[in-house]
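Predicted, not measured: the structure shown is a model, and the values here were computed from it.
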Amino acid sequence: MSNLFRIKCPSCGNVVDVAGNTTCAKCQNPLVLPEDGVVQIYRKGSPLGVAVGMGIYLNDIPLGHLANTESIRIPVTYGHYKLHMTHGMNRRCKDQEFDITPDNRYAFMKAHLKMGLISNTVVIEPSTADQMPAL
């Protein structure tokens, strides 16, 4: 589990996990974390030891991968968001949409893989802070 924040560099597109405001290791431009809200995503353990990383897409913006039983926080500004996750070559996902507002600054999501006969589906479920693993 990580107590870092995942952010995408607005200059070069490099996705990094950082503890706070810093500079991009790739292009040296400043990385400033949005302070409006946070999306925390936890990837539950996969059945049968399937531990391929799940790709994270927030409003269709790729934000790297999430390993088996890993948790990550993504700082965001106020607005409407759609979370989509992929598993390997599989793009099937039950997306979650949510709003980050001054009254609702945190979104907690749990993702897992639902095994199917022909293909698998990534399922994302809303959660609460007390149901999330400690960072």
Side-chain angles (χ1 to χ4, degrees):
M1 316 252 180
S2 175
N3 60 358
L4 301 175
F5 291 98
R6 181 155 300 168
I7 189 168
K8 185 171 189 166
C9 177
S11 299
C12 69
N14 188 32
V15 175
V16 293
D17 294 342
V18 298
N21 295 336
T22 186
T23 57
C24 178
K26 187 174 180 182
C27 69
Q28 302 304 314
N29 283 315
L31 296 174
V32 179
L33 301 176
E35 296 181 5
D36 292 346
V38 173
V39 178
Q40 182 175 338
I41 307 166
Y42 170 66
R43 178 184 172 185
K44 296 179 182 180
S46 293
L48 306 173
V50 180
V52 175
M54 285 187 183
I56 302 169
Y57 296 84
L58 193 58
N59 286 353
D60 297 324
I61 298 170
L63 290 168
H65 289 85
L66 200 56
N68 204 25
T69 68
E70 185 180 22
S71 188
I72 192 67
R73 296 179 297 165
I74 303 170
V76 294
T77 58
Y78 296 136
H80 183 77
Y81 292 92
K82 179 178 86 170
L83 177 63
H84 176 83
M85 296 179 75
T86 62
H87 184 263
M89 297 299 291
N90 183 10
R91 301 274 186 231
R92 291 186 63 194
C93 177
K94 293 186 178 180
D95 298 343
Q96 278 294 325
E97 294 193 33
F98 54 91
D99 294 309
I100 298 293
T101 65
D103 296 328
N104 183 34
R105 297 184 63 219
Y106 300 94
F108 300 97
M109 304 289 165
K110 288 185 179 182
H112 68 278
L113 188 63
K114 181 179 179 185
M115 304 297 273
L117 266 179
I118 298 173
S119 67
N120 304 327
T121 302
V122 176
V123 177
I124 304 170
E125 302 168 339
S127 190
T128 61
D130 61 328
Q131 295 174 333
M132 298 297 281
L135 291 174

**OP:** Output, in order, the C-alpha distance, side-chain angles, deciding distance and verdict of side chain to side chain contact (heavy atoms under 4.5 Å, CB included) for Phe108 and Thr128.
**Re:** CA-CA 6 Å; Phe108 300 97; Thr128 61; 5.6 Å; no

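- In this structure, CG in Leu31 is found 12.5 Å from NZ in Lys8, a value given to the nearest 0.5 Å.
- For Arg6 (side chain) and Ile72 (main-chain N/O), no donor-acceptor pair under 3.5 Å exists by modelled atom type.
- Ile74 CD1 to Met109 CE: the interatomic distance, rounded to the nearest 0.5 Å, is 10.5 Å.
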Atom pairs and distances, side-chain donor-acceptor, residues 52-60, under 3.5 Å, sequence neighbours left out:
unit_1	atom_1	unit_2	atom_2	d
Asn59	OD1	Lys82	N	2.7
Asn59	ND2	His80	O	3.1

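- No donor-acceptor pair under 3.5 Å is formed between the side chain of Lys110 and the backbone N or O of Val123.
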Original post:
Going through the distances and angles, do Lys44 and Glu125 end up as a side chain to side chain contact (heavy atoms under 4.5 Å, CB included)?
Top reply: CA-CA 11 Å; Lys44 296 179 182 180; Glu125 302 168 339; 3.5 Å; yes

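- Enclosure of atom CD in Glu35 is not indicated, since only 12 or fewer non-hydrogen atoms of other residues, nucleotides or ligands lie within 6.0 angstrom.
- Rounded to the nearest 0.5 angstrom, Gln96 CD and Ile41 CD1 are separated by 11.0 Å.
- Taking Tyr78 as the reference, Asp36, Ile100, Pro102, Arg105 meet the side chain to side chain contact (heavy atoms under 4.5 Å, CB included) condition, with sequence neighbours excluded.
- The line from CZ of Phe5 to CG of Asn21 is 10.0 Å long, rounded to the nearest 0.5 Å.
- Rounding to the nearest 0.5 Å places NZ of Lys114 at 12.5 Å from SG of Cys93.
- In the hydrophobic clustering of this structure, Val39 does not group with Val15; members are Ile, Leu, Val, Met, Phe, Trp, Tyr whose side-chain heavy atoms approach within less than 4.5 Å, directly or through other members.
- Without hydrogens or angle criteria, Arg43 side chain to Thr69 main chain gives no donor-acceptor distance under 3.5 Å.
- Using a 4.5 Å heavy-atom threshold, the side chains of Val18 and Leu4 count as separate.
- Rounding to the nearest 0.5 Å places CD of Glu97 at 12.0 Å from NE2 of His84.
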